[in-house]
Amino acid sequence: MKGFTKEVKIALVAIVGVIILFFGMNFLKGLNVFSSTDDYYIEFKDISGLSTSSPIYADGFKVGTVKDVIYDYSGDHPTRVLVGLDKAMRIPAGSTAEIESDFMGNIKVNLLLANNPRERVMPGSTIKGYVNGGALGKAADMIPTIEKMLPKLDSILGSLNTLLADPALAQSLHNVQTITGNLTTSTAELNKLMASLNKGVPVMMAKADGVLDNTNKLTSNLAQLDIQNTMQQVDQTINNVKELTAKLNSNNGTLGLLMNDPSLYNNLNSTMCSADSLLTNLRQHPKRYVHFSLFGKKDK
């Protein structure tokens, strides 16, 4: 350093300062001078405040930064953004880019990679881009619809106020309260009824078991009966009844003659008439048949 003059020393300090300033400015911009990048162009109709040093993301991972924004003052072409991406980054053909901003106003570019493993976008090529408004953009899109809904909302609120001011509504609410109280009472009574029924269920089940036992006994007794022998006895009884009926219908035998001979009926009828006549005469002239005399005189 002793061999350098004062002017040379000043020049060296200035050069070192410029170099440090250059690297410092690039560092503050988010640019890494020592990293190897490939340059691409992205076309936007609206960059929405995008500037140099804005980050570039792919699947949430930072892969580059914006180097420059080229605006076409003639208006014939869209705005072109020069971006530097890592050389290891492979962009499939058909990929696009979008500008996204958050609530804090931070702006970034997202690469939307296409599913095309065979073709790729070469460095220096142009990628189509558009703006994604995010939550703020969706809210802005909803504003016209909300503006159309406001008159209807005013009408609905007016109708609601009219309904709330109607005394019938208060009376209806009072009736609802009364009905609710009645339902509560009915529910309590129903719970008591169910509790009593639950207590009676074991007794009913015991009785049902007894009925089932009796049914089983009856079934077993029926199974033990000699059905064939019983049916034979029934058939024999029916045959005897038929024979008795046949004898009664025939003229053979006393019962048959009694039931079928009209002369016997006539004789019995004549006998009954004679007996009736005799009894009548006996009531009218009892002294003809029975004589009582204290002096031995006979009544003629």
Side-chain angles (χ1 to χ4, degrees), residues 12-150 153:
L12 291 176
V13 172
I15 294 172
V16 172
V18 170
I19 295 173
I20 294 175
L21 179 64
F22 173 76
F23 284 104
M25 292 296 295
N26 287 327
F27 177 78
L28 293 176
K29 290 181 179 181
L31 300 176
N32 190 353
V33 180
F34 298 102
S35 64
S36 57
T37 60
D38 290 331
D39 293 338
Y40 296 86
Y41 291 96
I42 304 176
E43 291 185 346
F44 294 101
K45 292 183 180 181
D46 183 3
I47 61 174
S48 298
L50 185 67
S51 61
T52 57
S53 73
S54 295
I56 310 295
Y57 290 92
D59 297 331
F61 181 76
K62 184 179 179 181
V63 295
T65 55
V66 175
K67 289 185 175 182
D68 192 10
V69 178
I70 305 171
Y71 181 73
D72 184 14
Y73 290 94
S74 65
D76 297 332
H77 302 284
T79 303
R80 304 182 72 190
V81 177
L82 177 63
V83 298
L85 302 179
D86 292 340
K87 285 185 174 294
M89 182 67 190
R90 183 182 184 279
I91 303 176
S95 300
T96 58
E98 65 176 6
I99 297 175
E100 181 181 359
S101 59
D102 55 18
F103 289 100
M104 302 299 295
N106 299 319
I107 299 175
K108 64 180 180 180
V109 177
N110 292 323
L111 289 177
L112 305 178
L113 303 178
N115 186 13
N116 189 356
R118 296 183 179 180
E119 299 178 354
R120 60 172 295 187
V121 178
M122 301 305 295
S125 300
T126 302
I127 301 172
K128 294 293 182 182
Y130 60 94
V131 177
N132 181 5
L136 293 177
K138 293 180 180 179
D141 295 336
M142 292 174 62
I143 290 176
T145 304
I146 295 175
E147 290 179 349
K148 294 179 180 179
M149 293 174 61
L150 287 178
L153 290 176

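It should be emphasised that the depicted structure is a prediction, and the values quoted were computed from it without experimental measurement. For reference, positions follow the sequence shown, starting with 1.
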Shortest non-hydrogen contact from [X] toward [Y]:
X    : Y    : result
P78  : D72  : O-CB, 4.5 Å
R120 : Y40  : NH2-OH, 3.9 Å
I99  : I47  : CD1-O, 3.3 Å
T52  : K67  : CG2-O, 3.2 Å
A114 : A93  : CB-O, 3.5 Å
P55  : I107 : CD-O, 3.8 Å

**Request:** Run the numbers on I127 and Y41 for side-chain contact (heavy atoms from CB on, under 4.5 Å), then give the verdict.
**Result:** CA-CA 6 Å; I127 301 172; Y41 291 96; over 6 Å; no
**Asked** Is the backbone of E98 close enough, under 3.5 Å, to the side chain of N132 for a donor and an acceptor to pair up by distance?
**Response** no
**Prompt:** Between R90 (side chain) and P117 (backbone), is there a donor-acceptor pair under 3.5 Å?
**Reply:** yes
**Asked** Could you walk me through whether L111 and V63 pass the side-chain contact (heavy atoms from CB on, under 4.5 Å) check?
**Response** CA-CA 9 Å; L111 289 177; V63 295; 4.2 Å; yes
When you compare the side chain of [Y] with that of [X], does any pair of heavy atoms fall below 4.5 Å?
X    : Y   : answer
D38  : M89 : no
T79  : L50 : no
T37  : L85 : no
V109 : Y57 : no

Just verifying a value: how many Å separate [X] [atom1] and [Y] [atom2], rounded to the nearest 0.5 Å?
X    : Y    : atom1 : atom2 : value
N110 : L112 : CG    : CG    : 6.5 Å
T96  : I91  : OG1   : CD1   : 11.0 Å
S101 : K108 : OG    : NZ    : 10.5 Å
N106 : E100 : CG    : CD    : 11.0 Å
S95  : L113 : OG    : CG    : 5.0 Å

